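Just below is one structure, and these are the notes that go with it.
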Amino acid sequence: MSIEIPRASATLCARAGQGRRDGEPLVHPIVQSTAFARDGLESSAPHAYSRVSNPTVAALEQALGDLEDAPPAVAFGTGLGAETALLLALVRAGDHVVCGRAVYGGTTRLLQRVFADLGVESSLVDSTDPRAVAAALRPCTRLLLVETPANPTLALTDIGALAALARSVGARLAVDNTFLTPVLQRPLDLGADVSVLSTTKFIEGHSAALGGALVTRDAALLERLRFVRKATGGIAAPFNAWLTLQGLKTLPLRLQRQSASAQRLAEELAQRPEVARVLYPTRLGPEARALAARQHLGAHGAVLAFEPQGGLSAARAIASRVRLCRLVEHVGSVETLLTHSASMTHADVPVDERRAAGIPDGLLRLSVGLEDPDEILDDLLAALVAGAQPEREAACATR
């Protein structure tokens, strides 16, 4: 299966962190220092204290900004740290946030169990339906936050349509682009005000470093985000920024291989009688496929989800029987990772909200790694067949 990654992204990623001056190191150094000396009180040195800025973190921020044709990003210690700073920068008591119903569980937890206590109200809506989003907007709505493809349903949101709706009430649109990264989707080009990234996932790509980032072309918002980070101390650690820079260099190649494998696995699993349904952008119906063709840059990412026949009991059996795929509350690494969303990433989401978001108890999310796709498929099929045995035996016993 042929998948093309944009050439410009490949070049930018491969050269991430590299300088151009004579004698500069090929690999950007880790500047593991809390403070930086000055020549005098009038010094214009770019860095003074690493809670505010750091040379290694700045190199990562420059690279992430370049990928979206934007100023340098604002890097944080985690993806949730980035979302927290975004909310602190844009909303206050009495304001309202509209959030896509199908998003990372930590996002809904942050809104409903932290910012709600600060007087910020939020509404969860089906972001794939612009009419539902329009109905949820209020004069006091300050932020529209969506994830596309959604976690874990892979549902797709029309970024351009929601950008227009946000502007109609003076709100900002932020898009969590963790699953595709700027290599496969550029939210700012599609009308979003902010691109939200958990760099912990595909960008770093090796399960070694936590991180998050916010990318925007709005100079005033960028200044506000940097101030909030300075005031709250959420900056990325230099070593984690350095690890993320190294991962970024191979991001296009990894996504190219992983996306091709994910699409193949989605097609193969959809043919299996043990599988009730498969969720992947190319399998979500003609409207979603057309939207994916408009928004995605040559591929649809490495994440898919599937629901086995037999629901939760079958999902439990599969999770305990896979051997190559690892059961992990994570996504975006070089290894293939299996996650049971209801009990892991979305365990804090109330059951009724989780089901309304299209996350049944038996849904399994698969983050496809770099292993041979035939071996991944063999592992899943063996677990699927074994997982279906208890259901077959129970059915026979009732006859």
Side-chain angles (χ1 to χ4, degrees), residues 11-90 181-182 188 194-201 203-251:
T11 300
L12 286 170
C13 287
R15 301 180 67 86
Q18 290 186 7
R20 296 181 178 273
R21 294 195 299 271
D22 185 38
E24 282 192 317
L26 188 63
V27 175
H28 195 284
I30 306 169
V31 182
Q32 195 67 40
S33 178
T34 58
F36 302 85
R38 302 185 180 198
D39 286 339
L41 298 182
E42 291 76 30
S43 170
S44 59
H47 305 287
Y49 195 68
S50 281
R51 176 173 46 77
V52 181
S53 67
N54 172 278
T56 311
V57 176
L60 173 62
E61 293 175 332
Q62 181 69 59
L64 294 175
D66 288 346
L67 276 176
E68 300 210 48
D69 193 23
V74 187
F76 295 84
T78 66
L80 273 174
E83 288 191 346
T84 301
L86 176 66
L87 289 164
L88 288 172
L90 291 179
T181 81
L188 303 185
V194 183
S195 178
V196 181
L197 298 165
S198 173
T199 60
T200 307
K201 312 304 192 297
I203 290 177
E204 192 277 325
H206 297 78
S207 302
L210 295 170
L214 301 172
V215 189
T216 182
R217 295 170 183 162
D218 184 321
L221 178 56
L222 189 62
E223 182 178 358
R224 176 65 178 165
L225 291 169
R226 292 196 183 281
F227 172 79
V228 169
R229 187 183 66 177
K230 172 183 176 179
T232 58
I235 195 169
F239 184 51
N240 283 359
W242 183 84
L243 287 171
T244 305
L245 270 173
Q246 308 321 305
L248 186 61
K249 294 175 186 294
T250 60
L251 175 61

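As the structure is a computational prediction, the values presented were derived from the model and not from experiment.
Here the closest heavy-atom approach between residue I203 and residue P182 is recorded as CD1-CD, 4.5 Å. P71 and R217 get closest at one heavy-atom pair: CD-CA, 4.0 Å. Considering all non-hydrogen atoms of both residues, L188 and T216 come closest at CD1-CA, 4.1 Å.
If you check the side chains of E68 and S195, you find a donor sitting under 3.5 Å from an acceptor.
Side chain of N54 to main chain of V31: a donor-acceptor pair is present (N/O by atom type, distance under 3.5 Å, no hydrogens or angles). A donor-acceptor pair is defined here as one N or O able to donate and one able to accept, closer than 3.5 Å; such a pair exists between the side chain of R51 and the backbone of K230. Side chain of E83 to main chain of G79: no donor-acceptor pair is present (N/O by atom type, distance under 3.5 Å, no hydrogens or angles). At distances below 3.5 Å, not a single donor-acceptor pair connects side-chain atoms of W242 with backbone N or O atoms of P29. Under a 3.5 Å cut-off, the side chain of E204 and the backbone N or O of S207 do form a donor-acceptor pair. No donor-acceptor pair closer than 3.5 Å links the side chain of K249 to the backbone N or O of R15. Proximity of a side-chain donor or acceptor of T199 to a complementary backbone N or O of G211 within less than 3.5 Å is detected.
With a 4.5 Å cut-off on side-chain heavy atoms, V215 and V194 do not count as touching. No side-chain heavy atom of P46 sits less than 4.5 Å from a side-chain heavy atom of F36.
A salt bridge does not link E223 with R229: none of the charged nitrogens is closer than 4.0 Å to a carboxylate oxygen.
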